[in-house]
Structure formats: C-alpha cells, structure tokens
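Below is one structure; the comments refer to it alone.
Proteins come first, then strands; the chains are lettered A, B, ... in the order of their sequence lines, and each starts at number 1. Only this structure's heavy atoms are used, side chains among them; waters, hydrogens and symmetry mates stay out.
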Protein chains: 2
Amino acid sequence: MPATLEPSPVKPDTREQLKTAQDEFIRRWGEMGATWGINRTMAEIHALCYITAQPVCTDDVMDRLHISRGNASMSLRALCDWGIIRRLHKRGERREYFESLSDVWEIFSIIAAERKRREMDPVLETIKRCQQMLDESTLGKAAAKQEAVELTRQRLASMEEFMSVTNKIFQQFVSNARTGLNRVVRVLLKAL
Amino acid sequence: MPATLEPSPVKPDTREQLKTAQDEFIRRWGEMGATWGINRTMAEIHALCYITAQPVCTDDVMDRLHISRGNASMSLRALCDWGIIRRLHKRGERREYFESLSDVWEIFSIIAAERKRREMDPVLETIKRCQQMLDESTLGKAAAKQEAVELTRQRLASMEEFMSVTNKIFQQFVSNARTGLNRVVRVLLKAL
DNA sequence: CTATTATTTCAGTAATTACTGAAAATCAAG
DNA sequence: CTTGATTTTCAGTAATTACTGAAATAATAG
C-alpha cells in the first residue's frame, strides 16, 4: 500500500493528471467534430460533459475551454436541442448545470437520426424527382433513345439504389439503438 | 408514337430537361457534401462527372458551374487525389478530360476508408493514450479510489468499445466493397 | 417592490475557408 | 529553338463561419 507517500501533494498531482488526460480527449474530439459538421467548440463542450461524467455549469465550460459566456450559452443550448446533453437543476442552487447522456450508442444514434433526416432524405427525394423529370419528359420514351439521357438515367438509378439501402440501414440502426450494442451491430459482429 | 411532334424543337427541349434534372442533382449533392466535410464546389464537380457519365474537361466544369479556372483546376486535382475521379487523355486531343468512377459503392468505400484513417483512427489512439495516462498515474491503483478518476475511466472505456466496434465495421465495409453490394451490406439486408 | 445573480441575445469583429484572375510553368508541334 | 494551347500556382480578396462582450432579459431571494 503506498501509504508512505507524502499526503499533501498526492491529491493535486492526481487531479493534474486526470485533467491532462481529459484535456487531450477533449481536444481530439473537438478536431473530429470539426470534420463532421459539428463545430469544434460544440464538440469540445460535449466532450467535456461526457468525459468528466459530472454536471458542469456555464462557468465551468468557460473556464475550462477559454471561451466567452455568449459562446458557451449558445453552444450549450444547441447541444440541448440536439438532445445529447441535458439541463439539470441542482437543489437549492441558482445556476443551471448540464450533463451528457451516458450511453455512447444512444448519443450516436441521435446524431445519426438527425443527419439522416437533414441530409440523406432530401437527397433521396431529389433523386426521385430527377428521375420523374426525365421520365415525364414531353417526349416520353422516345427521349430515352438519346444516349446522354439514358446514361444519366442509369446513374440516377444506381445512386438511388445506394441511397435507399444506406437509408434503410441507418433507419434500423437508429430505431434499435437504445442502450448498448444494438441489433444492427450485433448482427454484423456475429457475421463478420 | 409521338412522331407527329414538330421535329425541330424536339432535341433542344429534351437537352434542356436533361440539363435541368442534372443541375438539380448537382446542387443537392453539393449541399450534402458541404455538411460532410467535402466543400460544396468539389462535391458539385464530382456530381457533374458522375451524373453525366461522360468525360468533362476543365472548361466544361467552369462553364457549367460558373467557377474560375484556378478553382476548377485545384478541385479537380483534389478529386483525383481522393481517387473518385480519373484523368483521361483523349486520342489526338490536347486537353485533359476527367470522369467519375462509375460504381457508387466503390466511391463511398474510398471516402469511408480515407475518413476512417484520418479521423477515427487518431481518436481511438488518443483514447488509448488517455487510458494509459490514468493507469500509469504515479499513484497507481490508489488513485482509482477517487471518484472523479474512476468516472472518467469508465467513460473512456465505453467510448473505446464503441469506437473499436465502429472501426471494425468500417474496416469490413471498406475492404470488401468492390463493385456492387458488398458483404457488410448483404449481411445486413438479409438479417433485417 | 428592489437587489442580486444567472442567462440570452446579437451587433460587431475576428478567424477561417473558398475563390478569383493573372502570371508562371508545362507541354506538344512545327 | 519558337509558338500557341493548356494547366498550375498563388497572392490577394471575397464570403462564410465562429466568437466576443456588453446590454437586455429573466429568475430568485429578500
């Protein structure tokens, strides 16, 4: 048992190392977020909430990440809107705290659902409308004889197949993912 | 048979509709690209190559998308670097043409592979390094008794599990996807 | 009600990213 | 070599996105 160590510097030292490890995780997570359409700061705030596993208030965020109050406030709200962090009132305390959802799978399924809705669905719709435009051409099937039209038609069809399948997988992932490895993932792990 | 239609406006009209449909696809694809870390213009250029299914030269790109020569040149090169379009020399022609890979699945597996390498792998590495930092803390296991450290340790572990599994799935997807529905997708479609 | 503390909003600004256009480089043919 | 066609590069600029800080608003306690 390391009971012989000086008691005084012990706790600060550990705390320092914990903070360093957390900071590194936060930094990396922020960088990744930036390339995934979430901005760096929002990703960092979420990383902070997640990795500490403890409620943080606006000032904690400001101090730890060196950002302004306005930025912290707006980013926290945006994260709440996404649903990946939650507001939390502490008994007798005036200020509000925030905490991350604890289940990584749930966090990602929320993000996946939202991105599917915002980004994939509109593309699929557009593809279908483009197909209609070509089909309903005033010339009807006669137009199909023109090589250029036919080539575009084929490409649209391939893309539609791809997007439909991908969409379906996302759908499954999203609707099943509540706590732990979900069905999609279990199926894959078993088969591969 | 619509042979009674005036022959003169026929072809221009069809070409017009084809162009409109293609433009709509290109626009949407560009918007999606923008939220996925590829910039709008690059995504549009690729969409143009893909949807026309015909070789295009720099001037085609400039005219169709209303961008400068410099921008076209740099974006085309970047797309070639990604490997989702290819340079193409036409017999006797001086200028260079470009064409998209035709297989959507291949295009996406290339993108997925690159993003995994650039974004997911470093995060996983960082997580592991953070875990080591906490484990090798000067206090060893004694530090684990402190609640804050233990909580962070757990969160890191959950995140590591998630990233590992996701990474494995990506890996499979990427290494199998050559032409048509790949193994990962086939497994999923059968099971769901 | 007032005082105090916390939160939100947003005009202005900073930082980043994307784009242009012209000059330089490359290349092929004569 | 020279000429003309094509491509690349990059300094400068435009457009976009992110952030600040202070003022306005809200909320709670006395």
What residues 23-57 of chain A contributes to the DNA chain D interface at heavy-atom separation below 4.0 Å is A:Asn39, A:Thr41
Would you mind checking if A:Lys19 and A:Glu16 are paired as a salt bridge, meaning a charged N to carboxylate O distance below 4.0 Å?
no
Check: A:Arg95 side chain, A:Lys90 main-chain N or O, donor-acceptor pair, under 3.5 Å:
no
Could you check which residues of residues 67-75 of chain A get a heavy atom under 4.0 Å from DNA chain C? Sort them by number, please.
A:Arg69, A:Gly70, A:Ser73, A:Met74
For residues 14-34 of chain B, pull every pair meeting ring pair (Phe, Tyr, Trp, His ring centres under 6.0 Å), keeping only residues two or more places apart or in separate chains.
B:Phe25-B:Trp29
With sequence neighbours excluded, tell me which residues meet salt bridge (Lys or Arg N to Asp or Glu O under 4.0 Å) with A:Glu31.
A:Arg27, A:Arg28
What pairs with A:Asp60 under side chain to side chain donor-acceptor pair (under 3.5 Å), at least two apart in sequence or on another chain?
none
DNA chain D nearest-nucleotide lookup for B:Tyr97 and A:His66: closer to the 5′ end is B:Tyr97
Just how far, in rounded Å, is C1' of D:dT6 from CG of B:Leu88?
16 Å
What closest approach, in Å, do B:Leu124 and B:Ser164 show between heavy atoms, and which atom pair accounts for it?
CD1-OG, 4.0 Å
Tell me the salt bridge (Lys or Arg N to Asp or Glu O under 4.0 Å) pairs involving residues 123-133 of chain A, sequence neighbours left out?
A:Arg129-B:Glu24
Of all pairs that satisfy salt bridge (Lys or Arg N to Asp or Glu O under 4.0 Å), the ones with a partner from residues 34-46 of chain B, not counting sequence neighbours
B:Arg40-B:Glu44
Using the salt bridge (Lys or Arg N to Asp or Glu O under 4.0 Å) rule, collect all pairs that involve residues 67-80 of chain B, keeping only residues at least two apart or in two chains.
B:Asp59-B:Arg69
Return the polar atom pairs (N/O with N/O) between nucleotides 25-30 of chain D and the protein under 3.5 Å, or none.
residue	atom	partner	partner atom	Å
D:dT28	O2	A:Arg94	NH2	2.8

Would you call B:Arg86 and B:Glu99 a salt bridge, using N to O less than 4.0 angstrom?
no
Name all residues meeting the side chain to side chain donor-acceptor pair (under 3.5 Å) criterion together with A:Ser75; count only those two or more places apart in sequence or in a different chain, and write none if there are none.
A:Asn71
Rounded interatomic separation in angstrom, taking CD from B:Glu93 and P from D:dT6
9 Å
Taking all heavy atoms of B:Leu151 and all of A:Thr52, pick out the closest pair and write down the distance.
CB-O, 4.1 Å
With sequence neighbours excluded, give me every ring pair (Phe, Tyr, Trp, His ring centres under 6.0 Å) pair touching residues 50-104 of chain A.
none
Please identify the 5'-most and 3'-most nucleotides of DNA chain C with any atom under 4.0 angstrom from a heavy atom of chain B.
C:dA18 to C:dA28
